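Heads up, the thing below is written out as structure tokens.
Note that the structure is a prediction, hence the values are computed from the model and not measured. Order of listing sets the numbers, starting from 1, for every ligand and every atom in it.
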Amino acid sequence: MAFLNPWASQQFKDYARLRDEFGIREFNFDLPDAPLLFRRGIIIGHRDFEMIYNRIIHGEKFAVLTGLMPSGRMHFGHKMTIEQVVYYQNHGGDVHIAVADIEAYASRGISLEKARKIALEEYVPSYIALGISPDRAEVYFQSKRKEVKDLAWKLGKKINLNEFMKIYGFGNEANMSHVFSPLIQVGDILHVQLDKFGGSRPTVVPVGVDQDPHLRLTRDLVDRWRMFSIVPRDGKVGVFYKGEDAARVLGKLKGRVEALGATVELNVPYRALYAAMDGDLYGNIRKINDVVIEYEREFNSFAFYEPTATYHRLITGLTGGKMSSSIPDSAVFLTDSPEEARRKLMRAKTGGGATLEEHRKNGGNPESCAVYEFLAYHLIRDDRYLQEIYDSCRAGSRICGKCKKEAANLVAEWMADFQEKREQAKELVGEIVKEY
Ligand code: TRP
Ligand code: SF4
């Protein structure tokens, strides 16, 4: 099995293969008032998103957690993550954003002071300007939040070094802070389910697909710390208890599951409870899981929901390769001046023909055009107009020079407007940042 290395900067092209290999499922939810990025296929996969989808549809609460490494300047790739968070916040999610300062220290050697400065000056004003409202949202530092660090060392007890190496493939030269840092991320993802932060509830983690190893680790650890496992069994829902005194424990649970309208059978020697219920099996599993978690929480402070994740594609850089803070021309940074942004788009690598004549004859390839990607993901709201751009590019009637100019004008306009909001947002930084 191939590794997904969260600290390397690969470009993935073959998302279908990636899904097959890691059991990530294709994302095709019809979300209410879906913003641009959900409509344009930026989300290429998910784990367990049904749980969040249901909450959104029914107006129920859930948590949203993501994190960013404060390592450089914030660019349009990072913007995609925050825009998803904004959508969730507007649809019932309470928002938690980690400043991954421990990870930045461990994997990139960035000091905590520097990370703090970058977070406060570069990232947080942009989060707010992109639409995160300080009401029902917080930004916190990994290094300051005791609960995150405590969960890291506590939960880590149930995974051994061999399994860890199979997930991450660390080399012999890896420093131990770096090796430990995935457990800090587990702490990030799960601590929002502690009582102090709102209690057990479904949590969505919107991230780039390179982060999947951390989600697999977190989900595995949750499963290992749970007292029950809940799986389909012959068309019914099977609840299997891992502990002692099954007769008493399952006996108590029985009534709670029956209250959902299920017909329940116990098999004490197997430490099992079987529930038959009308309706969709996986929907029933979710309902029963809700009840079981509520019950389990009385005995197990780690009775967490396995986090849900969505994975977005990694955005192509303007220079063709990856979009990265370390290649200034590959990215438009949110603090670039409008003129700078315009210039970068004018110089971007397109999918156009080698010569104008060839382009007219064979058409361009929007699929491998950084300018088209920018238009689709960031600049053109109108679906029909985007389709027109696509078709006329393919047909060769749309010419790269003019097309770039249009994109460049739009981006410059966007930047000017955004930066005005960003100036105002600076005043709100103190409201959203937590010092614990
Ligand atoms: N590892 C992420 C990155 O490299 C940052 C991160 C830290 C994160 N904690 C997280 C992402 C929790 C999602 C959830 O960018
Ligand atoms: Fe890209 Fe536009 Fe050229 Fe098509 S016409 S290849 S979309 S720049």
Only heavy atoms of [X], strictly under 4.0 Å: list the atoms of ligand 1 that pass.
X    : result
V207 : 11 (C), 13 (C)
Q142 : 7 (C), 9 (N)
D188 : 7 (C), 9 (N), 10 (C), 12 (C)
Q185 : 1 (N), 2 (C), 6 (C), 7 (C), 8 (C), 9 (N), 10 (C), 11 (C), 12 (C), 13 (C), 14 (C)
V205 : 13 (C), 14 (C)

Can we say [X] and [Y] salt-bridge, meaning some charged N sits less than 4.0 Å from an Asp/Glu carboxylate O?
X    : Y    : value
R145 : E435 : no
D101 : R116 : no
E50  : R25  : yes

Inset, instruction - Could you list the residues that satisfy side-chain hydrogen bond (donor to acceptor under 3.5 Å, both in side chains) with K242, not counting sequence neighbours? - result: none
Inset, instruction - Under 4.0 Å, heavy atoms only, figure out whether ligand 1 is touched by the backbone of I184, its side chain, both or neither. - result: neither
Legend entry - A309, A100, S107: member with heavy atom nearest to atom 7 (C) of ligand 1: A100
Legend entry - Aromatic ring pairing W225/F302, orientation class (parallel under 30°, perpendicular over 60°, tilted between): perpendicular
Inset, instruction - Over 60° means perpendicular and under 30° means parallel, so classify the ring planes of H46 and F27, tilted if in between. - result: perpendicular
Between [X] and [Y], is the ring centroid distance below 6.0 Å?
X   : Y    : value
H96 : Y140 : no
F29 : F49  : yes
F38 : H312 : no

Legend entry - atom 2 (Fe) of ligand 2: protein N, O or S atoms [distance under 2.8 Å]: C403 SG
